[in-house]
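Here's the structure, in structure tokens; my notes come after.
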Amino acid sequence: MTKRDPAASDSAARDSATPASAAREAAALGEQLRRHAHLYYVLDSPEIPDAEYDRLFRRLEEIEAAHPALRTPDSPTQRVGGKALESFAKVRHKVPMLSIRTETDITPAGASAFDSRVRRELGLAEDAPQVEYVCELKFDGLALNLRYEAGVLVQAATRGDGQVGEDVTQSIRTVQQIPLRLLGEVPPVVEVRGEVYMRRDAFEKLNERQREKIAAGRKNEKVFVNPRNAAAGAVRQLDPAIAASRPLAFFAYGLGEVTPPDQGGPDWATQFEWLQQFHAWGFPVASQTQRARGAIELIAFHETVGRLRDTLPYDIDGVVYKVDSLALQQRLGFVSREPRWAVAHKFPAQEQITEVLAIEVQVGRTGKLTPVAKLAPIFVGGVTVTNATLHNEDETRRKDVRVGDQVIVRRAGDVIPEVVGVLPESAARPEGERGPVFSMPRQCPVCGSEALREEGEADYRCTGGLFCAAQRKEAILHFAARRAMDIEGLGDRLVEQMVDAQIVRTLPDLYKLGLSTLAALERMADKSAKKLVDALEASKKTTLPRFLFGLGIRHVGESTARDLALHFGKLDAIMDADEAQLLEVNDIGPVVATSVHAFFAQPHNREVVEQLRASGVRWDEAEPAARAPKPLAGKTFVITGTLPTLTRDEAKDKLETAGAKVAGSVSKKTDYVVAGEEAGSKLDKAQALGVPVIDEAGLLRILQGEAG
Ligand code: IVH
């Protein structure tokens, strides 16, 4: 191989008017930028900050603007060059691009089958040494042939039919992981082959942008079904600017035409040496690539990569084993366009085709309605799948999934199976032969309450929060939470048991629980049953904000509950308020107003509230805010340590009801620090800042209006 002198090739491009100093600086900048881009995009270990890279880049752009002769095609500034093409030119491959035979047995035994075949075809005796292989990943992208002359990328072509592909040089130049100029020593001609692909994160981002464009009314845009499909779309982009906005990546794994050794070309003996050379030239080579001896090590590779598969940031559909020795490769030769020395050993497919039998709507624990496709059972991603999510109404319509359609189902890793899209043949059937367009029911399929979709939200939700069986467990846990009704001892496991055994269906059932019912539950001793009965009894005396918060109305958190309670004073006033009246409350906007109104518009929810009151749940009702005094408005308190009778939450409730703000840390703006036992640094800080410190008694005096 010949050592290329970068300055020499650059000066060749320069005309007589270009000063030598500019040419030298441009060449030096080019070398630096190539090196740093390689460190950043390929090795993932940048040595300089992005800003410094940008500075070097801009400097090179400046020089090239002043001396256009220095703007060579392999300059780092020239990745997105040229105008949009009309069409792609055809390229006849100098060396055909072959495909690999696929081992049909996807179990580890597939690896031994390949090794046995190789040994047999090489005529190796049983006691002959193990064959050496290179194990690679089977990337799920598109094969490319990259032609370099004197180390400079002159053409990128797709595989096409293996003989003739398409010239995609313009879009491929935008792929940062593909060098425009090889690093180090290069043969006069070399064609590097490999896979161009899109990372899963880039794919998700691209689709997000595509969805936004579609939502904005751009008719020609589409959402891509998988990273492979998105990569193909980007490679076959006629406009290089659009290609550049869809980040692609690359792995090198093979060789096309190369100058023979007797004409200055490399003299390689193994596949592994190629890969090392590709890496040295600046290409990414998958780090998992390794040499292996014999079937046992092939099997181990297949298993290791199989476990790793879902953690990789890109899709692979298997591994590839290649006989390492190029001499042995030659001896093995080809059968009908497929080399005998390589095999693709797949993993269970993550995408399959099946039929949609029905579309059902499921209700989640929090009331979210999700359309789910019921499928003809299909083995995908290693398990048999009969359900796949369609996410929401918009997605279902966008993909236009109908009952009876043949669809692509994807299950990758632990991710729940999803319907990716409809096969074109299904989608093309006349409207009368297809099922109806999906539309979300306006009633919850579980409880019949109204299902609502808020503005700007993708999901419909059931408004029967307290009544809906799907939401029971969640509703009870929320109601019992410390900041709501504070029912001590009523945790996850217990609620699970009570609901499953149908002892508790709705919230009021909680207050009907007797000692004997509770003691019959698993892991429930008499003593803890008694404790729970007491806790339930104690929880009946509560405050309106806690009760409201405990109802689990969507968008009604603690502070909104307090605002509502403060404004209306009485629960009935809140239950009967229309949206306009709700909007009068401080800090309440249309989303919350709609949600509160919808909640109390459900007769089921009102019944639950009435039953709770009937079972003795009570609070002190107050005057509506307009008339209620707010003596502590504008004052800020901090509570620290343990107070003798009030819990911190109770003290906070009282203060906030009186209009005060309760902050988490002490500052100059704090009006009072309420300190109890074992007050720590907050007390020290108050003293340092000279903030008045009071105890619980002092707090109660202030609340009663005796001081403050
Ligand atoms: S080698 C002579 N190595 O699989 C063998 N191919 O069916 C030529 N592929 O078109 C290909 N990962 O798109 C090879 N590590 C790998 C590969 C790989 C993915 C794809 C490639 C090729 C197809 C062959």
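Every number for a ligand or one of its atoms is a count from 1 in the order of the listing. Along the sequence shown, residues are numbered consecutively beginning with 1. The shown structure was predicted, so the numbers you read here are calculated from the model rather than taken from an experiment.
A donor and an acceptor atom, one from each side chain of Ser75 and Glu64, are located under 3.5 Å apart. For the 3.5 Å distance criterion, the side chains of Tyr148 and Glu191 fail to qualify, holding no donor opposite an acceptor.
Ion pairing between Glu132 and Lys322 fails under the 4.0 Å rule for side-chain N and carboxylate O.
With sequence neighbours left out, the ring pair (Phe, Tyr, Trp, His ring centres under 6.0 Å) criterion links Phe139 to Phe251.
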### Task
Just do the salt bridge (Lys or Arg N to Asp or Glu O under 4.0 Å) check on Glu212 and Arg209 with the steps written out, would you?
CA-CA 5 Å; Glu212 279 165 18; Arg209 289 205 311 266; over 6 Å; no
When you check ligand 1 against the protein, what N or O pairs turn up below 3.5 Å? List the atom names and distances, or just say none.
from, atom 1, to, atom 2, distance (Å)
ligand 1, 3 (N), Lys322, NZ, 3.0
ligand 1, 4 (O), Lys138, NZ, 3.0
ligand 1, 7 (O), Ile100, N, 3.1
ligand 1, 12 (N), Phe139, N, 3.1
ligand 1, 13 (O), Glu195, OE1, 2.7
ligand 1, 13 (O), Glu195, OE2, 3.1
ligand 1, 15 (N), Glu136, OE1, 2.8
ligand 1, 15 (N), Leu137, O, 2.9

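Within the 4.5 Å cutoff, no side-chain heavy atoms of Gln271 are placed close to those of Val323.
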